[in-house]
Amino acid sequence: MEISTRYNPNEIEKINLKKWLESSVFSSRKESSKKPYSIVIPPPNITGILHMGHALNNTLQDVLIRYKRMQGFESLWMPGTDHAGIATQNVVERSLAKEGLTKEDIGRDEFIKRLWSWRDKYGSTIIDQLKKIGASCDWKRLRFTMDKPYSQAVKKVFLRLFNDGLIYRGNYIINWCPRCRTALSDEEAAHKETEGWLYYIRYPVESVQPGKEHITVATTRPETMLGDTAIAINPKDKRYQWLKKSKVILPIVGRRLTVIKDEAVDPDFGTGVVKVTPSHDPVDFGLGKKHSLDFINIMNEDATLNKNTPEEFQGIDRFEARAMLVEQLKTKKLIEKKEPYRLGAGHCYRCNTIIEPRVSLQWFVKMKPLASPAIEAVEKGKIKFYPQRWKKVYLNWMNNIQDWCVSRQIWWGHQIPVWYCKDCYDLQSETNPIQKRKGVIAAEEKPKKCPNCKSTNIKQDEDVLDTWFSSWLWPFATFGWPFVNVEDRGGKVEDRKIKEEEEFRYFYPTNTLVTASEILFFWVARMIMASLKFTGSIPFSDVLIHGTVRDDKGIKMSKSLGNTIDPLEIVGKYGADSLRFSLMFLAASGSDIQLSTEKFLMGRNFCNKIWNAYRFIASKIEINKINIDNLNYLPEDESDQWIKEQLNQAASDCSAALEKYRMDEAIKRAYDFFWHSFCDWYLEISKDNFSSTKAKNSLFIFLESIKLLHPFIPFITEEIFNLIKKNPSLKLDGFLAEARWPNTKKSKINSKNLSLFKELLKSVDEIRDLRGVLALGQEKIDLEITTEEKLKVFWQKHHKWFIRLTNSNSIDFTGKPAKIFIQNKYWAINLKIKAADLDKFKNNLEKKINNLNSLIKKSEGKLKNKKFIQSAPPQIIEKEKLKLRDFSQKSARLKSLKKIID
RNA sequence: GGGCGCAUAGCUCAGUUGGUUAGAGCGCGUGCUUCACAUGCACGAGGCCAGAGGUUCGAGUCCUCUUGUGCCCACCA
């Protein structure tokens, strides 16, 4: 058999991926005999390109899914993509722009056609990329948030909320992105510290008293003054009581401003006088409502100033207008001063443009009623967060939840299922709840005529719903909820419907949701609310929140900073397994990961190690023409017992770690076992006597090891399984991906010889240590061993590898050795070295004795302490006593050794 | 302004309900072409566990404060 000494992942990963995809290993269905385990993928945007965050997120999920699958669960990983309204629309708008076109040029229908064809062409890029890193999703179920049945769910949900009175429409101040030209929710307007100025502007006061010709207000956004309709002071602020009898004049515009008093004004900030712009500031909006002020909108959709401003400002961008205005005020000597100021300005989370607060007609969802059951579910522990601390964050947000602006002024998305009758829709009734207005029809399909006036002159609301309004249904809408209109998925409608509902009941609620903390509010919290509201059940019981991927300087990886590492580049260079291995190795519970390309060498090296371990075993089998007819594990000697015990321990630890979502611990344990127990000891020991039993045993342990490793590094393990499978007499079948997870019972092997064997390993360590101390280099030395007669058989069995692993020449069992270097309960070993080397040894010996003595002192001190004896638990005291005994024995041994040498 | 994290080896990080002689990977030093693997093997150096108090028989682990650092939330214009 020709196998390369280097593991080359590329070809192998391609082949095995193909095999998996062509098979049904990843697919899932209701199996009454099996327990379900399900995860819904956080659907990546169709515009998405796989980045390290995806790689981390999806590897975590895949490890869980594969682990559970091997454990015999019916494992379902539901895949899909998100239509990502604004993001996708932006991409297609950009490509239109290259043709010199705008979306308005081609019209809504044509634009949406373009979007669909864009998504058909590029929308599954990220899906292919996920496959490349080994994600074992049930790909046949691939969902999209704009699939017909999914859209049905969105409509149903909207109508349900509408009819329950949880939806309202009205003019409110919202976050407006002037570039995307749409409203955004509060969550989509990320607050960022921005350098700016605080301007102190003088507003003239009518009915002049001497020295009181004006008052001064402070603002960071001077241009909004064009929309001012009032001046506000704190009612307790004595400095400005005189103002209420005066009229304040808005400079440049000349408008008379009312003076209002409100507690919201902080007398200590700025001058204590606030300009009030109800249409362009959230706080002022509230003041405007409360005090019945005028609302003057001064901006167009693109944040240029509109015709409600003086002519010279009309059509000018807000920032340019700001500069112009400040200039004008300066010449009029109305700027008192300006000071540098850092303010938290909202930025569009899609295009990073500074948000403009703006009053406009939007749709909202009342969140408080939805939040309370979702709060309860988490408080009562029905849903658990890992790590736990996110519970607090979640609850804090939920308890202060604000209504959700769900309408977006874009074209790509779920259009709001509300129609207006052009003939009887009554503008005058705008103040009524939307549900009670004449000529408003909320329905799944376009109504034929108006139920009120029978007119057919009907038009749908132009807005679409926030993308998250569809994402929040993901855990159940992906299963086909609400189980109507399934004709698009083929088969007999009724059969499909029944099957889908059954599956839904089987797999839902899902088990684990794996996500980054960034979308806790966007998505996780809302899914919990939606699921409880519409399915009456929690969507998942565990929420695993992982950290952020950072670069080697600790800075968050982002395209704009150019500090990303492309996961696919790593796949190309080192293989998907290396990528996955290193990510899992570094992903401690919830903490951020600092990455650099070198980190992936860890994974590469490990894969290579596995590869070569297999090569070794395979070659031994081949060279020795060993016939492996079955894989019963038959311990031939103590090393076989020992490695089996180690394996069981590792498997048990590994499972325990996975159960508590500690993938890092699990992979470290499996890694440590494979490399440092199996390869470094067991295989090394076996080299001298690779009998057919040994061959079977090594193959058995190897096979169990790659099962443990498979969830983390599926490609290489599957490939090696392929190679092993080629031996027909083994009767191995199927995929490693669906093999049974190793037995995790800690089967204790009670064998006196096993403890002897462990002493043997210790002696090897000690000799190696001594060789280092004595700086023996490669010099082979002779050993003399004194032991009881009955242990000689044991030694006979093991002396060969013992000689090799200690780099010795020979072992002599005759007589009593002159000098004893190593001694334990069972034997003493003498290294025949030159007299000159003795000094080095003695020095080392002394160091060790000193070290032991200080430990003994410490331990004795503890045991003499009455309080310790009184209050420490008995097992701790017992442990301490054992420790002391052990130290003392060792020390005594070393001391007598020293005597002999002296 | 609130809330949540993090400070452990040169670097990146583990360290379970307090009970170690504080660990791993990389890096570093020494010696090895040992017929699976130099993407390897063996050995080794390297830590006042940020600082100060406290609780305790016992603290890297719990409490308080300080310093540094990161994140999230919030309508001080």
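Just so it is clear: chains get the letters A, B, ... in the order the sequence lines come, proteins before strands, and each one is counted from 1. As a basis for the values below, the full set of heavy atoms in this structure was taken, side chains included, without hydrogen atoms, waters or symmetry mates.
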Mind checking [X] for me? I need base, sugar-phosphate or nothing, with any heavy atom below 4.0 Å counting as a touch.
X: Lys660(A); result: base
X: Lys890(A); result: base
X: Asp284(A); result: nothing
X: Glu684(A); result: base
X: Arg662(A); result: sugar-phosphate
X: Asn400(A); result: nothing
X: Ser871(A); result: base
X: Phe600(A); result: nothing
X: Pro873(A); result: base
X: Asp765(A); result: sugar-phosphate
X: Leu601(A); result: nothing
X: Asp266(A); result: base

Below 4.0 Å: OP1/OP2 of [N] and any side-chain N or O of [X]:
X: Lys609(A); N: rU39(B); answer: no
X: Lys275(A); N: rA77(B); answer: no
X: Arg804(A); N: rC35(B); answer: no
X: Gln594(A); N: rC13(B); answer: yes
X: Lys687(A); N: rA36(B); answer: yes
X: Arg6(A); N: rU39(B); answer: yes
X: His676(A); N: rG25(B); answer: yes
X: Lys599(A); N: rU12(B); answer: no
X: Trp390(A); N: rC71(B); answer: no
X: Tyr574(A); N: rU39(B); answer: no
X: Ser596(A); N: rC26(B); answer: no
X: Lys879(A); N: rU20(B); answer: yes

Output the rounded distance in Å from CG (Asn8(A)) to C1' (rC37(B)).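 Going from CG in Asn8(A) over to C1' in rC37(B) covers 13 Å.
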
Cation-pi check, [X] to [Y]: give yes when NZ or CZ is under 6.0 Å from the six-membered ring centre and within 45° of the ring axis, no otherwise.
X: Lys687(A); Y: Phe616(A); result: yes
X: Lys289(A); Y: Phe295(A); result: yes
X: Arg526(A); Y: Trp404(A); result: yes
X: Lys337(A); Y: Tyr200(A); result: yes

Among [options], find the nucleotide with the atom closest to the side chain of [X].
X: Asn605(A); options: rU21(B), rG40(B), rA36(B); value: rG40(B)
X: Asn612(A); options: rC57(B), rA14(B), rA36(B); value: rA36(B)
X: Ala588(A); options: rU39(B), rC13(B), rC57(B); value: rC13(B)
X: Cys679(A); options: rA14(B), rA36(B), rC57(B); value: rA36(B)
X: Val274(A); options: rA77(B), rG25(B), rG70(B); value: rA77(B)
X: Asn608(A); options: rC4(B), rU39(B), rU20(B); value: rU39(B)
X: Leu343(A); options: rC71(B), rC4(B), rA77(B); value: rA77(B)
X: Thr220(A); options: rA77(B), rC71(B), rU16(B); value: rA77(B)
X: Asp769(A); options: rC76(B), rA24(B), rC43(B); value: rC43(B)
X: Tyr671(A); options: rU21(B), rA14(B), rG25(B); value: rG25(B)

Between [Y] and [X], do the side chains contain a donor N or O and an acceptor N or O under 3.5 Å apart?
X: Lys573(A); Y: Thr597(A); value: no
X: Tyr7(A); Y: Asn612(A); value: no
X: Thr277(A); Y: Lys275(A); value: yes
X: Asn175(A); Y: Asp186(A); value: yes

Does any non-hydrogen side-chain atom of Lys660(A) lie less than 4.5 Å from one of Glu665(A)?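 Yes, their side chains come closer than 4.5 Å.
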
Which base sits across from [N] as a Watson-Crick or G-U pair, both distances under 3.5 Å?
N: rC6(B); value: rG68(B)
N: rG1(B); value: rC73(B)
N: rU34(B); value: none

Would you state whether a donor and an acceptor, one from the side chain of Lys392(A) and one from the base of rC4(B), lie under 3.5 Å apart?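 Counting by modelled atom types and ignoring angles, no donor-acceptor contact under 3.5 Å is found here.
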
Taking for each residue the nucleotide of RNA chain B bearing the nearest heavy atom, is the 5' side occupied by Ser517(A) or by Lys867(A)?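 So the residue in question is Lys867(A).
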
RNA chain B: Arg768(A) or Ala264(A), which has the more 5' nearest nucleotide?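 By nearest-heavy-atom nucleotide position, the 5'-most residue is Arg768(A).
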
What's the gap between [N] and [M] when it is taken at their [atom1] atoms, as a whole Å value?
N: rC26(B); M: rC41(B); atom1: P; value: 9 Å
N: rG29(B); M: rA45(B); atom1: C1'; value: 7 Å
N: rG47(B); M: rG2(B); atom1: P; value: 40 Å
N: rC65(B); M: rA9(B); atom1: C1'; value: 28 Å
N: rA50(B); M: rC13(B); atom1: P; value: 15 Å
N: rC62(B); M: rC11(B); atom1: P; value: 24 Å
N: rG18(B); M: rU56(B); atom1: P; value: 15 Å
N: rG10(B); M: rC28(B); atom1: P; value: 15 Å

Other residues, nucleotides, ligands: >12 heavy atoms within 6.0 Å of Lys858(A) NZ: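 It does not: Lys858(A) NZ has 12 such atoms or fewer within range.
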
